[in-house]
Amino acid sequence: MKSKFFKNIAFTAIALTVAFSSISIANVAEAASKLSGKIVINGSSALLPLTLQAANEFKKLNPKVKISASAAGSVTGPQAVRKGIADIGACDWDASLDVPGFKKFEGQVANKVAVIPFAAVTNSNVKVANLSTKQLQDIFSGKVKNWKEVGGSDAEIVVVNRAFGSGTRVNFQMKALDGADFMTKGDNYKEVKSSGDMKTAIETTPNAIGYMDLVYVTSKMTALKINDVAPTEANVINGKYKVWSYGYYMTKGQPTGATKAFIEYVQSKAFQNGSLKKLKFIPISAMK
Amino acid sequence: MKKKIVVTALATALSVSMVGVVSAAQMKQTIATQQTSLSVNDSLASIRTVTLNGITYLSIRDLGNAVGIYFEVNDRGGVSAYFQEHAVELSALSKEIAVDGEKRELQHAVENVNNMYYITLNDFISAFNAESAVDGSGQVAISTVQKVQDPSRVIWLNPSSLLASVIEEEGRFDYIVDARTGQYSELLRTTDASDLVVAPNGQKAAYSVESGAVYVIDLASKQSRAVTYDGTIKPELVWSADSSTIYFLQGDKGSVIAKLNLTDGTISKVLEDKVDYKANLSVSADGSQFYYTVIKPGAVTADASKPVDQDDVAIDLTGTEPQVYRFDASVKDAKPEKLTTTTDDKVFVGAAADGSKAYYVSAEDNKLASLVAVAKDKSITKLIDDKDVLQAIMAGNKIYVLADGGSSEIVYEIDAATGQKRELTSVPNSVSELIAGAGTPIAIVSDGQVSVDNNGQWKKVTQ
């Protein structure tokens, strides 16, 4: 059953009235199907599940592209790119710009890949559902030490912070605390190194407060309203909830070759509206 | 109100309108018409043609009758043609046309012969957004069937229809596409549903929504019903062979293998071994053997106490290649078994229905990508290692492979049980993807458009 159709006659198809500028996954795949190369991705632990899911899908049509991923906090992404040991630095902030605590990484390009909402969370024994920006600032700076000072029970607050270098920490400080400083030590203060560690700490530590990507919030904790606005995807999209950021793939200059094709795949409508949403991230196109 | 007149009623008006421009009578004396048989929307139609200066023109009236164009004389001395919600204005002896009011130019002027308008095939296709093709026997085929445009994903539903998904600003539209004609109907429009996973019986499909709830849609009635409102992330849904159960990976890291009872919505865990980043779940027909891959992220060493600009970070990627695992749920207290340990990159293809082995594409630097089977006893068999494997798909008990054949690409069919390979066809290098299902023809994606193998001819079914 050898078809000669394509060899003999090409289709003639002229779409006269249709203007369609988007690139379909099929088009991306077509350009990439014989691609080969290695891509090393390092950085944000929040973006790691998304990266591995995308890599698994991308390789089905590009089996000769090897993709390895790792995570140790956002800052290690652009650091690894600058050092030349990674092609993509996954980062929860635009590392081509200065942010609190970090100078910009010169020469790096920020490629948006996802929208990441963050939530202030408490252990489920805490009877507070809403905090203002001022109250959050006071709690995370150590000024307010007891839940009764913000409408809760008489119990000492345990502040759980992410370690320096975390993208979640950078964003929470910029957007939930309006740039105010964190406390750095104390009996009721602890730092954790990853989103998973934060989840465990909040779930298992009575009277604890911390923060994490909305996707990691579980039924064993409470996601707080901030200034009376609930941390929901809808409130991020409609602009009411401010504590979110884009997730970025940082590259040394504009991406090329397999790296470019992979980033385009992650940015494609099919992935953004498919697996990315399934993993509870928000597509970049949702933000107007 | 528009005065709709079929073309047969236009002859008189047209001849009057053309007086002073060309002598219709003269044309009538000198131009001979012929009858040509064309395939129009999959039916044979007899179309009058004329040849002028070596160029063949087709009767617009005959083409219009074949595809359902309505005509009326307009007040500019020409003809307005209404087709598929578009209006095309044509004038005799003029290359200029207007499509929905926008002026365009044809390659050749519309001719008037014996009081009838004639147009070249290419210009007809251009003006009426049609498609044409010529098969190996020289038969010209014209299609004006509106097709799904720019689908982001196409899969087979059953041997006669495909599912095509189109993502627009408003959300995703899923269409059922007739694999023979390309005609389509809407199945589902959604803003938060995952891709549909079609049951092996081809009668229903499953999807999850952002909340984590799982729905099943009946492909005939197009009605969905919720099966569970469980809020956990479900990266992959997999149907059982008898279409009665859904297995899924659970959690953002796909750590747990779980089973969803479609009757009562209960969820039970099949495997919870604290191993993250499982993917590519595949279940044997009897539901006892689970194959999947596990990928291990690289190990990072970074000293946060050092200044950021020192870039004190190191990545160890040793052992990060995906590995294939098997879990035998029929054995009490069984542990998952790692079937592969090699450092090649592995793109999982699927598992045999009897659970005896799994298949993957193996890729290594400076080597051809090969198709490999790994058996329960960890023995490895190379099924294709003499061609660079570009893609492999498991479809029932067959594996379809797109391989690099040099000047073209080759499609192989492999019997999963015996490993027997046969070459099905060759396709151009522009083919980027193969689409196959159990018992279906194969389809290909080329230039972003999907074509189906229709008895040896590639029939385009999307635009």
Side-chain angles (χ1 to χ4, degrees), chain A residues 1-9 11-18 20 22 24-27 29-30 33-34 40 42 48-49 52-53 56 59-61 63-64 66 68-73 75-76 79-80 82-83 85-86 102-103 163-165 215 233 269-270 273-275 277-280, chain B residues 86 99-100 122 125-127 129 131-136 149-153 167 172 192 194-195 208 210 233 235 252-253 277 279-280 295 297-300 302 304 308 311 313 315 317 320 345 347 361 363 369 389-391 404 424-428 432-433 445 448 453 456-458 460 463:
Chain A
M1 192 188 67
K2 281 226 177 195
S3 167
K4 295 188 170 27
F5 190 94
F6 275 93
K7 289 174 182 168
N8 292 340
I9 300 292
F11 280 115
T12 305
I14 301 169
L16 191 65
T17 57
V18 178
F20 215 93
S22 61
S24 72
I25 180 177
N27 289 337
E30 182 194 7
S33 63
K34 288 174 187 170
V40 176
N42 178 58
L48 184 61
L52 290 174
Q53 178 71 27
N56 187 45
K59 290 199 310 185
K60 288 192 187 295
L61 287 173
K64 300 194 82 164
K66 182 171 184 174
S68 303
S70 53
V75 72
T76 65
Q79 279 183 308
R82 185 165 60 191
K83 194 174 180 181
I85 58 174
F102 299 101
K103 289 187 174 176
F164 181 75
V215 63
E233 181 184 327
K269 288 190 295 184
N273 291 279
S275 295
K277 286 175 81 169
K278 210 157 44 178
L279 292 171
K280 299 200 174 182
Chain B
H86 298 287
V99 178
D100 297 331
N122 283 345
I125 287 161
S126 170
N129 194 23
E131 296 173 351
S132 75
V134 183
D135 67 16
Q149 293 182 350
D150 199 30
S152 61
R153 175 178 183 251
I167 298 169
R172 192 187 75 223
D192 71 343
S194 67
D195 288 338
S208 60
E210 284 169 27
I233 292 174
D252 62 307
K253 294 175 183 170
Y277 300 115
N280 303 302
I295 188 162
V300 183
V308 171
D311 294 337
V313 54
I315 307 170
L317 296 175
T320 57
D345 208 19
V347 179
V361 176
V389 173
L390 304 174
Q391 184 199 358
D404 189 359
L424 282 186
T425 186
S426 62
V427 294
S432 59
E433 188 179 346
V445 181
D453 176 15
Q457 302 293 330
W458 292 110
K460 192 159 57 176
Q463 286 185 324

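Every chain is numbered from 1, with letters handed out A, B, ... down the list of sequences. Just so you know, these numbers use all the heavy atoms, side chains as well, and skip hydrogens, waters and symmetry mates.
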| field | Leading residue by heavy atom contact count with chain B [cutoff under 4.5 Å; candidates A/Gln53, A/Lys103, A/Lys83] | value | A/Lys83
| Of all of B/Val389, B/Asp404, B/Thr320, B/Ile315, which one pairs up most often with chain A through heavy atoms under 4.5 Å apart? | B/Ile315
| task | Using the test ring pair (Phe, Tyr, Trp, His ring centres under 6.0 Å), find all partners of B/Tyr277 that sit at least two apart in sequence or belong to another chain. | result | none
| task | Mark yes or no for whether A/Asn42, through its side chain, and A/Thr76, through its backbone, hold a donor-acceptor pair below 3.5 Å. | result | yes
| request: Check each atom of B/Ala369 against the heavy atoms of chain A and say whether the ones under 4.5 Å are side chain, backbone, both or neither. | output: both
| remark: Max heavy-atom pairs within cutoff under 4.5 Å with chain A, candidates B/Val361, B/Leu317, B/Val308, goes to B/Val308
| chain A heavy atoms under 4.5 Å from B/Ile295: which part of the residue, side chain, backbone, both or neither? | side chain
| note | Assert top hit (heavy-atom pairs under 4.5 Å, partner chain B, pool A/Ser275, A/Ala69, A/Ala72) equals A/Ala69
| task | Let me know if B/Asp345 has heavy atoms under 4.5 Å from chain A in its side chain, its backbone, both or neither. | result | side chain
| said: Between B/Arg153 and B/Asp195, does any NZ, NE, NH1 or NH2 come within less than 4.0 Å of an OD or OE carboxylate oxygen? | reply: yes
| field | Residue part contacting chain B, namely of A/Ile85, when any heavy atom lies under 4.5 Å | value | both
| query | Taking all non-hydrogen atoms of both residues, which atom of B/Thr425 and which atom of B/Trp458 are closest, and how far apart? | reply | CG2-CZ2, 4.2 Å
| said: Under a 3.5 Å distance rule, please check whether B/Arg172 uses its side chain to pair with a backbone N or O of B/Ser194 as donor and acceptor. | reply: yes
| field | N-O pairing of B/Glu210 and A/Lys280 below 4.0 Å | value | no
| said: Side chains of A/Asn273 and A/Lys278: any donor to acceptor distance under 3.5 Å? | reply: no
| message | Using a 4.5 angstrom heavy-atom cutoff, name the option from A/Lys59, A/Glu233, A/Gln79 with the most pairs to chain B. | response | A/Gln79
